[in-house]
2 protein chains.
Amino acid sequence: MPRDSFAIPQETARRLSLYLRSLKRLEQQQGVASSREITRFLNISSEQFRKDLSYFGEFGRRGIGYDIEILKKEIGKILGTNVVWRIVLVGVGKLGFALLGYPGFLEFNLQIIAAFDNDKNKIGQVLSGVKILNTLRMREVIKKEAIKIAMLCVPVDAAQDMAGDLARCGIKAILNFAPVNLVLPKNVCVSNVDMASELEGLVFQLKRGFFNH
Amino acid sequence: MPRDSFAIPQETARRLSLYLRSLKRLEQQQGVASSREITRFLNISSEQFRKDLSYFGEFGRRGIGYDIEILKKEIGKILGTNVVWRIVLVGVGKLGFALLGYPGFLEFNLQIIAAFDNDKNKIGQVLSGVKILNTLRMREVIKKEAIKIAMLCVPVDAAQDMAGDLARCGIKAILNFAPVNLVLPKNVCVSNVDMASELEGLVFQLKRGFFNH
DNA sequence: ACGTGTGAACCGATTCACAGCA
DNA sequence: TGCTGTGAATCGGTTCACACGT
């Protein structure tokens, strides 16, 4: 049980949230589930699941399986979903607006506490229960509320500058929706969501006849 | 120059679109750029860039670098962006609406030609130049227009059923925005965009103090 | 000297094979 | 027997080191 704190594969971290989802689906059924049942609809092998968990401890019972309720709590603890994480959103265009109303964040106890925009017409509005503030107030709010995570939904030309501002405000992690690679101090963690590039990947695979079966 | 058609790393395909972007930025500057210049703002090593290209042929000149214009065309050919790819969108909620207006798709010559929804109030509307049609007409349109790619933006509970319908209509690739693993015939290629899970990944890294620098 | 192209070495992650417990 | 936990083997992809052309 190597709890040595570091050396958790990147991919393992990503998969943990999928396990949590799967467990929530099974929740009603019974008290115990096997690794096979948990990964059944996940495109992940049961060995992979067990290996992933082994980085954090032993949560199952040999010959039996996993107590769903307990495992759900444990993974929640590992991921940090047992606590509410407060985040901000920058850029309330169409995409930002969609994210403000996206119900999926609740699943991981993620809460958007404020949105920022430059547009005078938007400032002051409340969308999906979130107030839109002037970008000038970003520093003040992020500091005061000790926010560490931001979603960046501004146009591509503004993204790098705005990301720099966020870093200077104390933001430590950015989910970036602009199709550009952000250059930031390396103590700031960036994750990119790139819809166009993702679609392009599908085109590529189609073109290669990967799926002419 | 192993043009043996198969065995292109997944990641290589993904990076090609980033190279294309980088080249577009450099376009104005000069006729030639080195692998180092092209990858400068990409978080990708120049060796990686050269290795990636080597799967498809030799595009540079030793001692000199790459002709930007030519390389742009070549990568375009590889990715398929030299041709317009027509796609459909299913589910015009907030997210679907945002995607209809997303300018980033143009970059790769991707064109949304129709959107589908069940909501009688939305059917018939034209948003961002795209007409919203009754979901019942999906088969007809997809067959007639020979569409191969779909973006799926319906609520999570409807996603699996709708994806199955799409597959039966002849769709070969789906960009799925619902937080659920779609189970489909294996000649259908799925790519997932999972915003909540992505954010959760950032929380995890923050929690582990990866960035307490 | 400069910069590309690429086999070889390396590294991380997945899969395999099996020990251990119920 | 059934299912977990995990070292060992394997696989895929990245990095290194250097040959080659300009």
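Chain letters run A, B, ... following the sequence lines, proteins first and then strands; every chain starts at 1. Values below: all heavy atoms of this structure, side chains included; hydrogens, waters and symmetry mates excluded. Remember, it's a predicted structure, so these values are computed and weren't measured experimentally.
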Base D/dC20 paired with B/R62 side chain (donor-acceptor, <3.5 Å): yes
Qualifying salt bridge (charged side-chain N to carboxylate O under 4.0 Å, His left out) pairs, either residue in residues 94-105 of chain A, two or more places apart: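 Matches after skipping sequence neighbours: none remain.
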With [X], which residues qualify under salt bridge (charged side-chain N to carboxylate O under 4.0 Å, His left out), at least two apart?
| X | value |
| --- | --- |
| A/E140 | A/R137 |
| B/R86 | B/E145 |
| B/R61 | none |

Contacting residues from residues 69-80 of chain B, given that a heavy atom lies under 4.0 angstrom of DNA chain D: none
Annotated protein contacts, base or backbone, on nucleotides 9-17 of chain C with a non-hydrogen cut-off under 4.0 Å, one of B, S, - each: ----SSB--
Rounded (10°) bend between the five-pair end axes of the helix from C/dA1-D/dT22 to C/dA22-D/dT1: 10°
Please tabulate, one pair per line, all N/O donor-acceptor pairs under 3.5 Å involving side-chain atoms of residues 190-201 of chain B, not counting sequence neighbours.
unit_1 : atom_1 : unit_2 : atom_2 : d
B/S191 : OG     : A/E198 : OE2    : 3.2
B/N192 : OD1    : B/N176 : ND2    : 2.8
B/D194 : OD1    : A/R21  : NH2    : 3.0
B/D194 : OD1    : B/S197 : N      : 3.0
B/D194 : OD2    : A/R21  : NH1    : 2.7
B/D194 : OD2    : A/R21  : NH2    : 3.0
B/S197 : OG     : A/S17  : OG     : 3.0
B/E198 : OE2    : A/S191 : OG     : 3.1

Set of side-chain hydrogen bond (donor to acceptor under 3.5 Å, both in side chains) partners for B/R168, sequence neighbours left out: B/D165
Give every donor-acceptor pair under 3.5 Å between a side-chain atom in residues 65-79 of chain B and any protein atom, sequence neighbours left out.
unit_1 : atom_1 : unit_2 : atom_2 : d
B/D67  : OD1    : B/E69  : N      : 3.0
B/D67  : OD1    : B/I70  : N      : 3.0
B/K72  : NZ     : B/E27  : OE2    : 3.1

Pairs satisfying ring-ring contact (aromatic ring centres under 6.0 Å, His included), at least one member in residues 80-113 of chain B, at least two apart: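 Output for this query lists B/Y102-B/F105.
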Residue list, side chain to side chain contact (heavy atoms under 4.5 Å, CB included) with A/R15, at least two apart or on another chain: A/E11, A/T12, A/Y19, A/I44, A/Q48, A/D52
